[in-house]
K.L.:
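Here it is, the structure in full.
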Protein chains: 2
Amino acid sequence: MLDLAILGLLQEGDLHGYEIRRRLRDSLGLMANISFGSLYPALARLETAGAVRGIEAGTASPLATGAAMGSLSGELAALRSKRTAIARPKKSKKVYRITDAGRGLFTELLAAPATSDDARGFSLRVSFAKYLTPELRIALLQRRRTQLQDRLSEVCAATKRDDLDVYARSVVDHTAQGVRQDIAWLDALLAAERERSSTDLTNPNPGGQVMAPVND
Amino acid sequence: MLDLAILGLLQEGDLHGYEIRRRLRDSLGLMANISFGSLYPALARLETAGAVRGIEAGTASPLATGAAMGSLSGELAALRSKRTAIARPKKSKKVYRITDAGRGLFTELLAAPATSDDARGFSLRVSFAKYLTPELRIALLQRRRTQLQDRLSEVCAATKRDDLDVYARSVVDHTAQGVRQDIAWLDALLAAERERSSTDLTNPNPGGQVMAPVND
DNA sequence: AATCGTTGTATCGAATCGATACATCTGTTA
DNA sequence: TAACAGATGTATCGATTCGATACAACGATT
């Protein structure tokens with residue numbers, strides 16, 4: 001799950017650990033703060049698997065001019081206004097770049113079965129849904145919808161119980177409300193998706209690339 | 001966190017592992033299905049700590065004393081009469097009972113600082129809020145409210161970003177909506193709490209509802 | 001110059017997950 | 001009746017994730 005998130009972020013540019021964490025927090029919006037105790041092992045894992053490559057940015061950076069600066073300049077340009085083209089990272093930063101194998105792993109994980117009751121995994125996949133084909137996108141949404149429907153049945157059954165005190169009942173009611181909200185959101189997404197597929201016959205998958213070959 | 005949930009459930013009667021899991025799912029409504037890989041270690045943990053006592057209710061249990069079996073049969077009879085259609089305790093079951101030390105641990109955990117961004121822990125505490133004093137109850141709700149307010153600021157900032165595609169934006173928007181919903185829920189709980197403390201001098205908790213049920 | 005907050009990498013133990021194994025009881029159907 | 005599927009029930013394994021902590025360089029404030 002973290003692997004998918006990391007690969008998805010690196011898909012759009014090289015990043016270092018701290019920045020990945022930040023983007024998971026506010027760019028992807030939802031994920032509770034990922035701890036470094038998860039993040040760094042995950043990065044090491046991915047590097048061992050050959051999905052990413054870590055580049056020490058402490059010395060003369062051999063690749064600092066390309067996509068690396070493209071993604072990092074927004075964050076770092078303000079700090080390094082003195083030097084424009086080449087970064088001068090005195091600090092020991094480790095920038096990670098996705099590999100071709102990593103891109104393959106990403107698409108594989110993105111379309112994966114998406115284990116049962118996982119809200120985080122689902123939101124994450126929707127965040128990266130532009131990398132999916134329209135069919136896989138709809139499949140993802142519908143899978144989640146049936147899951148939520150089942151969940152709603154359970155929670156509504158719990159609502160009917162008469163042995164709950166005010167507080168427990170309030171929690172259950174609020175939970176049911178949240179699930180309904182999620183289902184409504186899904187329905188809106190599905191409707192938009194069908195809308196898009198009906199009007200987009202000439203230009204499917206706009207702005208997204210399923211596989212963009214980049215030399216590595 | 002799991003310890004708190006287990007102790008809270010055992011507070012209302014002896015249970016065995018499978019049943020604890022079930023109640024966590026639909027009685028408490030919210031928790032994603034707790035895996036047995038968490039549950040049984042947690043029970044062993046609590047038993048080692050002296051917070052619960054496990055009673056073998058199966059065949060040929062050499063350590064089960066006659067006294068233990070005697071009291072156990074009474075408990076099992078009560079349990080069976082309550083849930084005849086659903087649960088039928090027959091053989092090889094291990095029923096857990098909370099101890100006095102466990103009750104102390106429960107109240108201690110229930111009033112604990114409640115680590116930063118934990119939605120599950122909060123809902124769990126609200127579910128058991130009837131065991132809290134009105135002051136601690138309000139403190140719990142207000143603590144959570146400021147957390148959610150901060151969270152909302154972050155998420156709203158993310159909403160303003162212009163580099164998000166439709167899907168990522170939809171996720172962020174929906175997340176923000178969810179946080180607002182949670183805050184509204186908290187406000188309703190807080191209002192009900194103040195209401196109760198002002199009118200409750202003679203008639204505590206008359207089986208009414210905290211808030212108007214939001215049906216649809 | 002001293003101190004504080006932010007950025008940044010890293011590791012440790014414990015909690016939790018997801019999968020799996022195995023055994024008993026119940027109801028259905030061949 | 002026998003076989004089978006499915007719920008109930010306990011338990012453990014490896015891998016993932018969490019929460020706390022340590023450390024270090026830098027910028028800004030005072």
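Each chain gets a letter, A, B and so on, in the order its sequence line appears, and its residues count up from 1.
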K.L.:
Nearest whole Å is fine: how far is C/dT9 P from A/Glu19 CD?
P.N.:
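Nearest whole value for this atom pair: 10 Å.
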K.L.:
Which residues satisfy the ring pair (Phe, Tyr, Trp, His ring centres under 6.0 Å) test with B/Tyr131, sequence neighbours excluded?
P.N.:
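Only B/Phe106 meet the ring pair (Phe, Tyr, Trp, His ring centres under 6.0 Å) criterion with B/Tyr131.
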K.L.:
Using a cut-off of strictly less than 4.0 Å, decide whether A/Arg21 has a side-chain nitrogen or oxygen near OP1 or OP2 of D/dT17.
P.N.:
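The answer is no; no side-chain N or O of A/Arg21 sits under 4.0 Å from OP1 or OP2.
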K.L.:
May I ask you to decide whether A/Lys130 forms a salt bridge with A/Glu12, counting only side-chain N to carboxylate O separations under 4.0 Å?
P.N.:
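Yes, A/Lys130 and A/Glu12 are salt-bridged.
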K.L.:
Applying side-chain contact (heavy atoms from CB on, under 4.5 Å) to B/Leu164 and B/Val171, what does each step give before you reach the verdict?
P.N.:
CA-CA 10 Å; B/Leu164 299 177; B/Val171 170; over 6 Å; no
K.L.:
Going by an N to O cut-off under 4.0 Å, is there a salt bridge joining B/Arg145 and B/Glu193?
P.N.:
no
K.L.:
Are any of B/Ser38's side-chain N or O atoms less than 4.0 Å away from OP1 or OP2 of C/dC17?
P.N.:
yes
K.L.:
Looking at B/Lys94, does any N or O in its side chain come under 4.0 Å of the phosphate oxygens OP1/OP2 on D/dT10?
P.N.:
no
K.L.:
Here's a test of your reading of the structure: between A/Met1 and A/Phe36, which maps to the more 5' nucleotide of DNA chain D?
P.N.:
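Taking each residue's closest nucleotide, the earlier one in sequence belongs to A/Met1.
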K.L.:
Is there a side-chain contact between A/Tyr40 and the phosphate of C/dA10, meaning an N or O under 4.0 Å from OP1 or OP2?
P.N.:
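No, no such contact exists.
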K.L.:
D/dG9 phosphate, OP1 or OP2: any side-chain N/O from B/Arg22 under 4.0 angstrom?
P.N.:
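For B/Arg22, the contact criterion (side-chain N or O under 4.0 Å from OP1 or OP2 of D/dG9) is met.
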K.L.:
OP1 or OP2 of C/dC17 versus the side-chain N and O atoms of B/Ser35: is any pair under 4.0 Å?
P.N.:
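For B/Ser35, the contact criterion (side-chain N or O under 4.0 Å from OP1 or OP2 of C/dC17) is met.
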K.L.:
Please classify the nucleic acid contact of B/Gly37 as base, sugar-phosphate, or nothing, using heavy-atom distances under 4.0 Å.
P.N.:
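Base contact.
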